Amino acid sequence: EDILNRLHEGVVEREKEKVEEAANEALDEGVAPIDAIMDGLVSGMSEVGEMYDEGDVFVPEILISSEALYAGLDILKPHISEEELEMEGKIILGVVEGDIHDIGKNLVKLMLDVQGLNVVDLGKDVEREKFVKKFKEEDADIIGLSAMMTSTMGCIQDISEMADEEEEDIKIIAGGAPITAESAKEDLNADAYAPNATQAPEVVKKLIN
Ligand code: B1M
């Protein structure tokens, strides 16, 4: 699809206006906003990630790409259909301590949000202690942790240990590029894992029901 391609390219080429134009066109043409986000914007950002790994782009370029992504998100987000507003429950969500990569977390937040879940977003670089504390204050149902570096993913295990010390059964879902389904459960002691934002709602739903 040409529009999806232009959304993708706009993020890769750091062309905010191209993204905005294609996002508006997607709405006019009846492209599902979720598809435009995931198959256009997010797929573009994945390519940027690969380019960064190859040394083809650097930090300032990445930030401009993510601005283009957010510009598209601002246009598309209000139009996501609410037909799937079927989830009930509250999640405490954040990026772990020492880690400021929040683009993925924001997408996870968006997907949970549009499904009706009440998302308490603690942001990025969140102190370990804060998750369980907020969970209790907010009387939440689940904690969602995002970690993007091998050096920060260990925080998930620390937080899981803190959760185990509590009387109530606190469920944790983990995600982020360096984590696998296996390492989430076996090394980090999380209750569940989602590989991407699209699959996160399904996994959360299973855990809180
Ligand atoms: Co940095 N960075 N970065 N970075 N960065 C990585 C992660 C890295 C893999 C790049 C590399 O070296 N190859 C590497 C980590 C290496 C490692 O530990 N294995 C790295 C590094 C080292 C660093 C710095 C240390 C660089 C430096 O300063 N020397 C520094 C760290 C700062 C810090 O955190 N303290 C740093 C800084 C940055 C920027 C600020 C420039 C920027 C972040 C901007 C921001 O987020 N606001 C940045 C970026 C953009 C990246 C890459 C290029 C892309 C990450 C991204 O946004 N992807 C990344 C390389 C790469 O991934 N190839 C890299 C797009 C996003 C949509 O995907 O985040 O994976 P992702 O999220 C997905 C899934 O993972 C999943 O769903 C999301 C959407 O589908 N998911 C969940 C995520 N959280 C989830 C939670 C869930 C469920 C699913 O449940 C709760």
Side-chain angles (χ1 to χ4, degrees), residues 7-8 11-12 14 34-35 37-73 87 89-115 117 119-127 131 134-135 140-156 159-160 163 170-181 183-185 188 190-208:
L7 287 165
H8 178 113
V11 171
V12 173
R14 305 180 286 280
I34 286 288
D35 294 344
I37 292 170
M38 298 311 293
D39 302 335
L41 300 175
V42 172
S43 118
M45 200 62 208
S46 303
E47 186 177 339
V48 174
E50 285 162 21
M51 288 161 77
Y52 182 77
D53 291 343
E54 301 283 317
D56 295 335
V57 294
F58 300 96
V59 173
E61 283 95 345
I62 290 179
L63 293 178
I64 305 173
S65 275
S66 68
E67 275 170 29
L69 174 140
Y70 283 123
L73 213 51
M87 283 175 76
K90 193 187 265 190
I91 183 167
I92 307 294
L93 183 68
V95 181
V96 299
E97 200 168 329
D99 202 325
I100 61 161
H101 296 91
D102 63 355
I103 299 172
K105 182 269 293 169
N106 290 339
L107 290 167
V108 171
K109 175 184 179 182
L110 171 76
M111 295 304 288
L112 295 173
D113 224 0
V114 300
Q115 304 254 346
L117 202 75
V119 183
V120 179
D121 183 4
L122 301 185
K124 58 194 172 192
D125 188 13
V126 181
E127 277 173 71
F131 288 95
K134 271 281 168 187
F135 179 93
D141 300 291
I142 182 169
I143 292 176
L145 302 173
S146 179
M148 283 295 290
M149 298 190 288
T150 43
S151 56
T152 56
M153 60 193 259
C155 283
I156 292 172
I159 295 163
S160 169
I170 304 181
K171 295 262 193 276
I172 293 180
I173 171 179
I179 303 169
T180 62
S183 68
K185 289 193 183 160
L188 306 177
D191 298 285
Y193 162 83
N196 54 46
T198 322
Q199 288 176 45
E202 203 53 46
V203 177
V204 168
K205 203 183 293 178
K206 274 200 199 125
L207 271 194
I208 61 182

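Counting starts at 1 for both ligands and their atoms, following the listed order. Throughout, numbering of the chain's residues begins at 1 and tracks the sequence. Here the structure is a predicted model, which is why all the values come from computation and not from measurement.
Note on atom 1 (Co) of ligand 1: protein N, O or S atoms under 2.8 Å away count 1, no waters included.
Under the 4.0 angstrom criterion, atom 8 (C) of ligand 1 counts as lacking any protein heavy-atom contact. Checking atom 16 (C) of ligand 1 against the protein gives no heavy-atom contact under 4.0 Å. Atom 58 (N) of ligand 1 is not flagged as protein-proximal [any protein heavy atom, distance under 4.0 Å]. Under the 4.0 angstrom criterion, atom 28 (O) of ligand 1 counts as lacking any protein heavy-atom contact. In this structure, atom 33 (C) of ligand 1 is in close contact with the protein, since a protein heavy atom lies within 4.0 Å of it. For atom 39 (C) of ligand 1, no protein heavy-atom neighbour is found at a distance under 4.0 Å.
Contact annotation for Pro195 and ligand 1: only backbone heavy atoms (N, CA, C, O) come within less than 4.0 Å of the ligand. Using a 4.0 Å cut-off between heavy atoms, Asp99 contacts ligand 1 through both its backbone and its side chain. Neither the backbone nor the side chain of Val48 comes within contact range of ligand 1; no heavy atom lies under 4.0 Å.
Remark: side-chain polar atoms of Asp125 are paired, donor with acceptor, to backbone N or O of Gly98 under 3.5 angstrom. Judged by distance alone, with hydrogens and angles left aside, the side-chain atoms of Glu47 form no donor-acceptor pair with the main-chain N or O of Gly44 at under 3.5 Å. Put simply, the side chain of Tyr52 never gets that close to the backbone of Ile62: no donor and acceptor are under 3.5 Å apart. Side chain of Ser65 to backbone of Val11: a donor-acceptor contact under 3.5 angstrom is found.
Atom 82 (C) of ligand 1 has its closest protein heavy atom at Val108 CG2, 3.6 Å. Protein heavy atom at the shortest distance from atom 81 (N) of ligand 1 is Gly176 N, 3.6 Å. In this structure, atom 60 (C) of ligand 1 lies nearest to the protein heavy atom Asp53 OD1, 3.7 Å. Among protein heavy atoms, atom 47 (N) of ligand 1 sits closest to Asp102 OD1, 2.7 Å. Ranking the protein heavy atoms by distance from atom 54 (C) of ligand 1 puts Gly49 CA, 4.4 Å first.
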Report task. Just do the side-chain contact (heavy atoms from CB on, under 4.5 Å) check on Val42 and Ile37 with the steps written out, would you? Result -> CA-CA 6 Å; Val42 172; Ile37 292 170; 4.2 Å; yes

Query - Step-by-step side-chain contact (heavy atoms from CB on, under 4.5 Å) determination, His101 to Thr152 - result: CA-CA 11 Å; His101 296 91; Thr152 56; over 6 Å; no

Query raised in the report: Passes side-chain contact (heavy atoms from CB on, under 4.5 Å), Arg14 versus Val48? Steps please.
Result: CA-CA 10 Å; Arg14 305 180 286 280; Val48 174; over 6 Å; no

**Report entry** Worked check of side-chain contact (heavy atoms from CB on, under 4.5 Å) between Leu117 and Ile208
**Finding:** CA-CA 11 Å; Leu117 202 75; Ile208 61 182; 3.9 Å; yes

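A 4.5 Å side-chain heavy-atom check between Leu145 and Leu188 finds every atom pair outside the cut-off.
Atoms of ligand 1 lying under 4.0 Å from at least one heavy atom of Ile173, given by number and element, are 90 (O), 91 (C). Listed by number with element, the atoms of ligand 1 under 4.0 angstrom from any heavy atom of Gly144 are 91 (C). Close approach of ligand 1 to Ala177 (heavy-atom distance below 4.0 Å) involves ligand atoms 70 (O), 75 (O). Those atoms of ligand 1 that come under 4.0 Å of a heavy atom in Asn196, given as number and element, are 76 (C), 77 (O), 80 (O). Below 4.0 Å from some heavy atom of Met45 lie the following atoms of ligand 1, by number and element: 65 (C). Below 4.0 Å from some heavy atom of Leu107 lie the following atoms of ligand 1, by number and element: 67 (C). Heavy-atom proximity to Thr150, at under 4.0 Å, picks out these atoms of ligand 1: 17 (C), 18 (O), 19 (N). Ligand-side atoms of ligand 1 in range of Ala194: 88 (C), 89 (C), range being under 4.0 angstrom from any heavy atom.
Between Asp121 and Lys109, the shortest heavy-atom distance links the atoms OD2-NZ, 3.2 Å. The two residues Ile170 and Ala163 come nearest to each other via the heavy atoms CB-CB, 3.9 Å. In terms of heavy-atom proximity, Leu69 sits nearest to Met45 at CD1-CB, 3.8 Å. The two residues Ile159 and Phe131 make their nearest non-hydrogen contact at CD1-CD1, 3.6 Å. Smallest separation of non-hydrogen atoms from Ala177 and Met148: N-SD, 3.4 Å. Nearest heavy-atom pair, Cys155 versus Glu97, reported as atom, atom and distance to 0.1 Å: SG-O, 3.8 Å.
Remark: ligand 1 and Ile100 share an N or O pair separated by less than 3.5 Å (distance only, no angle test). Some N or O of Ala197 is nearer than 3.5 Å to an N or O of ligand 1, by distance alone. Residue Gly98 has at least one nitrogen or oxygen atom sitting less than 3.5 Å from a nitrogen or oxygen atom of ligand 1, judged on distance alone. On a distance-only criterion, Ser146 and ligand 1 share at least one N/O pair closer than 3.5 Å.
The shortest heavy-atom distance from Pro178 to ligand 1 is not under 4.0 Å.
The heavy atom nearest to atom 91 (C) of ligand 1, out of those in Val203, Val42, Leu145, Thr152, is found in Leu145. Ranked by closest heavy atom to atom 66 (C) of ligand 1, the top entry among Gly94, Gly104, Ser43 is Gly104.
Listed by chain and residue number, Asn106 satisfy the side chain to side chain donor-acceptor pair (under 3.5 Å) test with Tyr70 (two or more places apart in sequence, or in another chain).
Here CG of Asp35 is found 11.5 Å from CG of Leu41. Values are rounded to the nearest 0.5 Å. One finds the CD1 atom of Ile156 at 7.5 Å from the OG atom of Ser146 (value rounded to the nearest 0.5 Å). Between the NZ atom of Lys124 and the CD1 atom of Ile100 there is a distance of 6.0 Å, given to the nearest 0.5 Å. Within the model, atoms CD1 of Ile143 and OG of Ser160 stand 9.0 Å from one another, a figure rounded to the nearest 0.5 Å.
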